[in-house]
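Here is the structure we will look at, set down as structure tokens.
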Amino acid sequence: MTHPVEAVERALEALGADPWNAFLHVDAEGARERARRVDPAAPLAGVVASVKDNLAWRGHPMTCGSRHLAGYVAPYTATVVARLEAAGAVILGKTNMDEFAAGSSGETSAFGPTRNPRAPDRVPGGSSSGAGASVAAGVVGLALGSDTGGSIRCPASFCGAAALKPTWGLLSRHGLADLAMSLEGPAPLAPDVAGVARAMDALSGPGFSEALEGAAPEGLRVGVPREFLEGLAPDVERPVRDALRKLESRGARLVEVGLPSARHALAAYYVLNYAELASAMMRYDGLRYGEPGPENESYEASSAQARAAFGPEVKRRILLGTFVTSREERGRWHDAAVRARAALARDVERALAGVDVLAGPTMPVRAFRLGERVDDPRAMYAADVLTVLANLARVPAGSVPLRVEGLPVGFQVMGRAGEDAGVLRAMRVVEEVAG
Ligand code: GLN
């Protein structure tokens, strides 16, 4: 183990002037001081970690990537952050993110986009953009982010890191700013699967690292949803098919399965995301959070002015979320999305019935160029087609990097609700066979 004090110095050196814009707040002095107090026998002693800026860390700024919260200081610490600290991790600072976690590239942050350390003209993926970049740049060994529709798996895939979106409800959401609460939760990202498992031991409870012991492809039953291999960029399809072949040649059993309602996943996800986000944003009215507008004649006038501080993507979602839940429209939109979600969850359960895990790519493309999709919401949303399913079905899903030339490619593993350790174990197998 590297001594915590030395680990912090190394992290600060690797960070330098943060050319990736991965951090919104760095607490160098505090980190040095906390490192001195770490018990060297603690399970995460020597680990320097970053925390996404939508998780509260007492006494430190928390912006959620939004101008609305510039200057806000968290009055308490999120349970998951406290758990990491209690396990001996030293938190270095808060990472950049899409505004209120609404995005897949990191570009909707009010504080400028994050660059992908593997290719600085490319996005690192989002919304946990700084989480992915802080690990890929070798600054920290663990990043805590969140995942509503892919926000930890997308940066893992684009940056070449491992990450897990746990079963919905497994990790405490206390201190996580809501975007769409029925879909999201905190989620860890690390350089490898063992790092994610160690984080889960601290965040949830012991058993995850243990589950990796003796992980082997022999006898692993892998369901491959047909729909997951459709419409992929060739430079994603090739390595994913390759990895599946390697798994099979090493003794895993591949089973083709179908997820017929998967084609409705993206539409259902976005309608629900809009609806929940619009409701979650009501508190950012300049009275409860944010600066009141100069017009203080009435609450409506003042809060309308305060809301001008939201960026275009958040505004778009508030408008659409209000529309899809309006009395006239909700039957056609919101209620239909709720039904689609139930059908999808049944599909996933059925597909998982005879296998241990489902597998396929994490993202349909490799990291795209900065600026390439940010003005085209539908192109941006399309990138989430393979990740939203696990959030809708509330099941665990992780991403593990494949061994490839050039930009990273993530391989996705999904499992039954509550079987997070099994997902990590299968990810470890993929890492060993094709990582
Ligand atoms: N890209 C998805 C969205 O924009 C997911 C974001 C997330 O997981 N927070 O909603």
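Ligands are counted one by one from 1 in listed order, and the atoms in each one are counted from 1 as well.
For ligand 1, the atoms closer than 4.0 angstrom to any heavy atom of Thr148 are 7 (C), 8 (O), 9 (N). The contact set between ligand 1 and Asn273, taken as ligand atoms under 4.0 Å from a residue heavy atom, comprises 10 (O). For ligand 1, the atoms lying closer than 4.0 Å to a non-hydrogen atom of Gly149 are 5 (C), 7 (C), 8 (O). The atoms of ligand 1 that sit less than 4.0 Å from any heavy atom of Leu179 are 9 (N).
Here the side chains of Leu320 and Tyr270 are not in contact, with every heavy-atom distance at 4.5 Å or above.
No donor-acceptor pair closer than 3.5 Å links the side chain of Asn116 to the backbone N or O of Arg122. Within the 3.5 Å criterion, the main-chain N or O of Met181 finds a donor-acceptor partner in the side chain of Glu276. At distances below 3.5 Å, at least one donor-acceptor pair connects side-chain atoms of Arg403 with backbone N or O atoms of Gly435.
When only non-hydrogen protein atoms are considered, atom 3 (C) of ligand 1 lies nearest to Tyr270 OH, 3.2 Å. Summary of contacts: the protein heavy atom closest to atom 5 (C) of ligand 1 is Tyr269 OH, 3.3 Å. Here the protein heavy atom with the shortest distance to atom 2 (C) of ligand 1 is Asp384 OD2, 3.2 Å.
The aromatic rings of Tyr284 and Phe100 are tilted relative to each other, their planes meeting at an angle between 30° and 60°. Taking the six-membered ring for Trp and thresholds of 30 and 60 degrees, His60 and Trp57 have nearly parallel ring planes, at less than 30 degrees apart.
Relative to the six-membered ring of Tyr76, Arg58 misses at least one condition, a distance below 6.0 Å or an angle of at most 45° to the axis.
Here Asp98 has no heavy atoms under 4.0 Å from ligand 1, in either its backbone or its side chain.
Judged by the shortest distance from any of its heavy atoms, Arg317 lies inside the 4.0 Å radius around the atoms of ligand 1.
Looking at Ala101, Gly103, Ser151, Pro377 and measuring to atom 8 (O) of ligand 1, the nearest heavy atom belongs to Ser151.
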